[in-house]
Amino acid sequence: MLHLKKQTRLHLGWPEDSHKHKDKHKHREHSHKDLKRDKERGNLKNGNSEHRSSSEKKHREKEKERLKHKDKQKEEKFRSSDGKYRDQENGFVSSLSVKVEEDNGYHQPIKHEKPLKREREGDDYEHKPKKVKVDHEKKVKRRKQEDSDYEEREEKKPKKRTKEGKKDSTGGKKKAKNEPQEKWKWWEEEKYTDGSKWRFLEHKGPVFPPPYEPLPDRIRFYYDGKAMKLSPGAEEVATFYAKMLDHEYTTKDIFRKNFFKDWRKEMTSEEKSKITELKRCDFTEMHEYFKAQSEARKQMSKEEKQKIKEENERILQEYGYCVMDNHRERIGNFRIEPPGLFRGRGDHPKMGKLKRRIRPQDIIINCSKDSVHPKAPPGSRWKEVRHDNKVTWLVSWTENIQGSIKYIMLNPSSRIKGEKDWQKYETARRLKKSVERIRAQYREDWRSKEMRIRQRAVALYFIDKLALRAGNEKDEGETADTVGCCSLRVEHIRLHPQMDGQDYVVELDFPGKDSIRYYNKVPVEKRVFKNLQLFLENKQGKDDLFDRLNTSILNKHLQDLMDGLTAKVFRTYNASITLQQQLKELSSSDDNIPEKILSYNRANRAVAVLCNHQRAPPKTFEKSMHNLQTKIDEKKKQLSAAKKELKAAKADAKTLRNEKSKKAVEMKKKAVERISEQLMKLEVQATDREENKQIALGTSKLNYLDPRISVAWCKKWGVPIEKIYNKTQREKFAWAIDMTDEDFEF
DNA sequence: GCATCGACTTAGAAATAGGACA
DNA sequence: TGTCCTATTTCTAAGTCGATGC
């Protein structure tokens with residue numbers, strides 16, 4: 001059983017490994033600290049474990065025992081202190097002021113405009129009985145039928161657009177809210193097979209951030225201690241910095257340097273000649289002003305807050321939805337990113353640079369030719385309006401930091417996202433069928449005569465076993481120095497023929513995505529170890545470990561092994577299969593709902609550890625733990641008092657020997673049991689929270705775990721789905737919730 | 001074969017909402 | 001009713017991977 005202990009990296013289901021290295025693979029730790037913890041607490045149960053304890057009772061006793069002796073030692077930090085990786089300490093960021101949009105020539109929500117044309121979900125859609133799969137022929141037939149339906153519908157469109165649209169301007173949301181049963185089951189329909197993403201797309205375009213509002217005259221900027229009025233352009237950029245004064249970013253040299261350089265570009269020549277050093281600038285008055293503003297916002301009356309809320313809701317209704325193929329779908333991010341200072345993660349060479357304001361002439365609109373095109377704000381034009389139904393985005397622009405394209409796309413609850421998500425898990429399930437063959441293949445390849453094949457095989461082993469990311473090459477100097485599997489360098493790996501009583505231990509230590517540190521010591525098979533030794537020969541720290549490999553080569557090979565297979569499918573597969581295995585092992589019919597949920601969270605946590613999903617400990621973590629501890633202490637006192645009372649009652653019963661006193665004993669006994677139970681729950685909660693301190697569950701839940709596993713589990717064990725998925729998550733996974741039976745197997 | 005681009009998914013932090021509690 | 005926490009939502013950076021062009 002998985003005991004109440006710190007989570008360690010799981011051992012995935014590896015038959016070949018287990019028969020060859022049974023004992024060694026027990027220790028697939030996540031870090032030094034986990035290694036230590038494991039030693040202290042025994043290993044996390046793994047998928048192949050032969051030591052599954054059968055009794056839940058035993059488990060609970062052990063749990064209690066462990067809790068009693070819980071090691072209070074502070075956790076060793078995941079991150080190294082050499083500044084190479086992201087410091088996850090949260091700094092405070094002063095929030096931007098919220099302003100009501102004004103007409104500045106930019107797009108802003110316009111009241112009482114012609115309402116968005118909306119055809120209710122299901123208007124034309126013929127509801128079909130629930131089913132999980134449709135066979136191919138049927139699918140094609142259906143899609144064809146739909147296409148002709150579509151054409152018919154499209155013909156009717158213009159009329160509806162003007163008439164019905166107006167009539168239905170505000171009713172849509174209410175209707176949707178009141179009648180959730182009307183939700184469109186896109187998963188019962190056919191997918192497009194021609195590569196197109198939609199047939200009809202209509203939307204209102206993006207919402208621009210409010211224009212810059214100059215500071216009141218009383219708020220001054222000081223240079224060399226002297227007040228100085230800045231030009232509006234320079235002042236705006238200065239406010240970006242002023243707002244971040246409390247943030248750790250402003251202590252970083254690169255950030256300051258980049259900011260100052262870009263700021264000077266916005267200055268008048270006079271300002272430029274005066275302001276030559278950042279350290280002589282004093283933004284504190286501005287900073288205080290924004291802090292006061294944010295405070296004032298918090299102090300707003302209920303009515304004021306309500307008004308803002310209503311206004312936001314109105315904007316959401318108007319701009320937050322589009323019509324795609326006859327269905328009103330929620331847009332994910334319909335607001336244009338406001339200007340500010342770039343917050344790159346880790347040691348990002350561009351942090352602090354000015355992220356410029358996006359104007360309508362920067363924007364490309366994508367919509368149907370025959371839709372009502374979004375209007376550019378008065379006095380402006382879009383860069384382009386195109387009609388590309390081979391893509392899913394509605395709006396795009398090029399950002400000025402990396403020169404990359406940003407998009408406005410649909411919400412995860414939309415058909416277009418959901419279909420893709422579903423497909424992703426189906427690919428992972430196909431991998432399940434092929435994984436043994438693929439593993440056998442790469443094991444064979446470890447012995448290849450060709451170096452490139454050996455490298456490919458060892459890299460794939462890491463991707464499979466450790467759920468590493470592929471690791472594309474990155475532009476040096478343009479982004480933070482992070483790596484994935486294929487881009488690992490010599491400096492990221494150490495080989496230990498023997499370590500902590502284990503043979504062939506590989507120590508991995510590198511900055512991964514978002515500069516999150518990956519640290520792991522893992523015993524590998526001898527052949528892998530020998531290969532790694534070979535790869536390292538005559539190389540320096542900065543050299544690539546896999547110099548004959550890149551993600552393109554790897555993915556091409558994977559494509560040959562299985563249709564649709566890429567490196568990231570392994571992460572999805574291993575995450576989902578781990579969840580399923582863990583849920584099987586941890587769930588017990590003896591458990592009550594909270595205990596079952598705890599098991600679920602543990603299974604989820606096992607995946608998060610596997611995928612190295614870390615988070616900064618919440619700012620209030622220590623405090624909240626302290627509060628919980630206080631509750632526990634109080635409960636303990638209560639328990640000892642109850643025990644005393646029980647003892648006294650027993651003594652009474654012994655002397656009195658009557659029914660009443662016997663009853664009293666029973667009552668007191670029950671009280672003791674009840675309080676014990678409550679205490680245990682609190683302690684479990686504390687452990688759960690402690691275990692979660694630096695682990696983020698959300699990412700895996702949202703992106704890696706086939707929701708059907710969770711839905712099936714909920715159904716099987718009678719756990720309400722709401723306990724596992726919140727509203728947003730239920731919307732995203734509506735397809736899985738609707739189609740999954742309790743016997744679903746990933 | 002490579003560099004670059006474009007589209008899309010995955011990611012943690014920050015902002016905000018809302019519920020528990022005094 | 002206000003305050004404090006936690007949970008949820010929003011935001012946008014940072015990945016993956018296929019297409020394209022030379």
Side-chain angles (χ1 to χ4, degrees), chain A residues 86 88-96 98 197 244 247 249 294 297-299 302 305 308-309 312 316 320 332-338 340 342-346 348 350-351 355 364 366 388 390-393 396 398-399 401-412 416-417 420-421 424 469-475 478-480 482-487 512-516 550-556 558-559 564-569 571-572 575 608 611-616 618-621 623-624 627-628 689 694-700 702-704 725-729:
Chain A
R86 259 170 84 200
Q88 287 214 341
E89 286 213 343
N90 276 340
F92 170 77
V93 190
S94 57
S95 52
L96 296 163
V98 175
K197 304 289 164 61
M244 291 180 73
H247 202 289
Y249 271 122
S294 117
R297 231 175 305 123
K298 278 184 210 156
Q299 299 302 322
K302 238 184 185 175
K305 282 183 183 168
I308 291 174
K309 206 178 160 187
N312 283 334
L316 174 71
N333 55 324
F334 56 90
R335 290 174 195 275
I336 296 289
E337 294 172 19
F342 177 70
R343 300 177 176 208
R345 289 151 187 194
H348 200 296
K350 293 189 175 177
M351 64 166 71
K355 230 177 85 158
I364 301 173
N366 192 32
D388 182 358
K390 296 278 189 286
V391 297
T392 67
W393 54 267
S396 78
T398 303
E399 53 89 27
I401 304 292
Q402 309 284 3
S404 65
I405 307 169
K406 299 247 178 172
Y407 303 93
I408 288 182
M409 290 181 184
L410 296 196
N411 185 274
I416 216 157
K417 293 286 182 190
K420 203 72 186 297
D421 210 35
K424 172 180 78 184
R469 295 186 185 84
N472 284 314
E473 288 119 302
K474 298 174 75 188
D475 295 345
E478 297 287 302
T479 54
T482 63
V483 299
C485 185
C486 294
S487 51
K513 182 177 179 178
D514 291 325
S515 294
I516 298 288
N550 61 39
T551 52
S552 169
I553 296 171
L554 179 69
N555 280 333
K556 267 186 199 123
L558 293 175
Q559 182 59 43
L565 186 61
T566 64
K568 86 186 185 77
V569 179
R571 248 168 106 80
T572 311
C611 294
N612 201 37
H613 292 144
Q614 299 184 35
R615 63 165 183 173
K619 269 182 266 185
T620 52
F621 185 83
K623 201 176 173 186
S624 87
N627 289 348
L628 198 53
R689 195 174 293 178
Q694 287 184 286
I695 297 171
L697 299 186
T699 306
S700 49
L702 237 46
N703 301 299
Y704 288 103
Y725 292 136
N726 66 32
K727 187 170 149 275
T728 312
Q729 292 162 342

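Chain letters run A, B, ... following the sequence lines, proteins first, then strands; residues in each count from 1. The shown structure was predicted, so the numbers you read here are calculated from the model rather than taken from an experiment.
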Are A:Thr482 and A:Lys513 close enough that some pair of their side-chain heavy atoms sits under 4.5 Å apart?
no
Please name all residues satisfying side-chain contact (heavy atoms from CB on, under 4.5 Å) with A:Cys485, sequence neighbours left out, ordered by chain then number.
A:Ala459, A:Phe462, A:Ile463, A:Leu468, A:Phe546
Could you pull out all residues at least two apart from A:Lys302 that satisfy salt bridge (charged side-chain N to carboxylate O under 4.0 Å, His left out)?
none
To the nearest 0.5 angstrom, please state how far the CD1 atom of A:Ile408 sits from the CD1 atom of A:Ile364.
12.5 Å
Return the value, rounded to whole Å, for the distance between atom NZ of A:Lys568 and atom C1' of B:dT10.
8 Å
Generate the contact string for nucleotides 17-22 of chain B. Rules: B means base contact, S means sugar-phosphate contact only, - means no protein heavy atom under 4.0 Å.
-S----
May I have the distance from A:Ile695 (atom CD1) to B:dG12 (atom P), rounded to whole angstrom?
11 Å
Categorize A:Asn472 for me: base, sugar-phosphate, or nothing, with a 4.0 angstrom heavy-atom threshold over every strand shown.
base
Can you sort out the partners of A:Tyr725 under ring pair (Phe, Tyr, Trp, His ring centres under 6.0 Å), two or more places apart, ordered by chain and number?
A:Phe733
Given DNA chain B, 5'-ward residue of the pair A:Leu702 and A:Ile553, judged by closest heavy atom:
A:Ile553
I'd like to check the salt bridge (charged side-chain N to carboxylate O under 4.0 Å, His left out) partners of A:Lys390; sequence neighbours left out, ordered by chain and number.
none
DNA chain C: A:Phe342 or A:Asn555, which has the more 5' nearest nucleotide?
A:Phe342
Find out whether A:Ile516 and A:Asn612 are in side-chain contact, i.e. whether some heavy atom of one side chain is under 4.5 Å from a heavy atom of the other.
yes
Report, one pair per line, the protein and nucleotides 3-7 of chain B atoms (nitrogen or oxygen only) whose separation is under 3.5 Å.
unit_1	atom_1	unit_2	atom_2	d
B:dA7	OP2	A:Tyr407	OH	2.7
B:dA7	O5'	A:Tyr407	OH	3.3

Atom NZ of A:Lys305 to atom C1' of B:dA15: distance rounded to whole Å?
14 Å
At 4.0 Å (heavy atoms only), tell me whether A:Ala567 reaches a base, stays on the sugar-phosphate, or touches nothing.
sugar-phosphate
Assuming nearest nucleotide by heavy-atom distance, tell me which of A:Gly471 and A:Arg689 is located more 5' along DNA chain C.
A:Arg689
Separation of atom NE2 in A:His348 from atom P in B:dA13, rounded to whole Å:
16 Å
Listed by chain and number, what are the ring pair (Phe, Tyr, Trp, His ring centres under 6.0 Å) partners of A:Tyr704, not counting sequence neighbours?
A:His613
A:Arg345 has an atom CZ; how far is it from atom P of B:dA11, in whole Å?
11 Å
Just to verify, what does A:Thr398 make a side-chain contact (heavy atoms from CB on, under 4.5 Å) with, not counting sequence neighbours?
A:Ile405
Distance, rounded to the nearest Å, where A:Gln729 contributes CD and B:dT10 contributes P:
15 Å
So what does A:Lys556 touch, heavy atoms closer than 4.0 Å: a base, only the sugar-phosphate, or nothing?
nothing
Measure NZ/A:Lys513 against P/B:dA11 and give the value in whole Å, please.
5 Å
Chain A contact limits on DNA chain C, taken 5' to 3' with a cut-off of 4.0 angstrom to heavy atoms
C:dC5 to C:dG18
Residues that A:Lys355 engages under side chain to side chain donor-acceptor pair (under 3.5 Å), provided they are two or more places apart:
A:Glu337
side-chain contact (heavy atoms from CB on, under 4.5 Å) involving A:Val391 - partner list, sequence neighbours excluded:
A:Asn366, A:Asp388, A:Trp393
Report yes if a side-chain nitrogen or oxygen of A:Lys417 is closer than 4.0 Å to either non-bridging phosphate oxygen (OP1 or OP2) of B:dT9; otherwise report no.
yes
Check the phosphate of B:dA13 against A:His247, side-chain N and O only, distance under 4.0 Å to OP1 or OP2. Yes or no?
no
Base, sugar-phosphate alone, or nothing: which one does A:Thr482 contact when heavy atoms must sit under 4.0 Å apart?
sugar-phosphate
Looking at residues at least two apart in the chain, or sitting in another chain, which of them share a side-chain contact (heavy atoms from CB on, under 4.5 Å) with A:Gln402?
A:Phe342, A:His348, A:Lys350, A:Glu399, A:Ser404, A:Glu478, A:Thr479
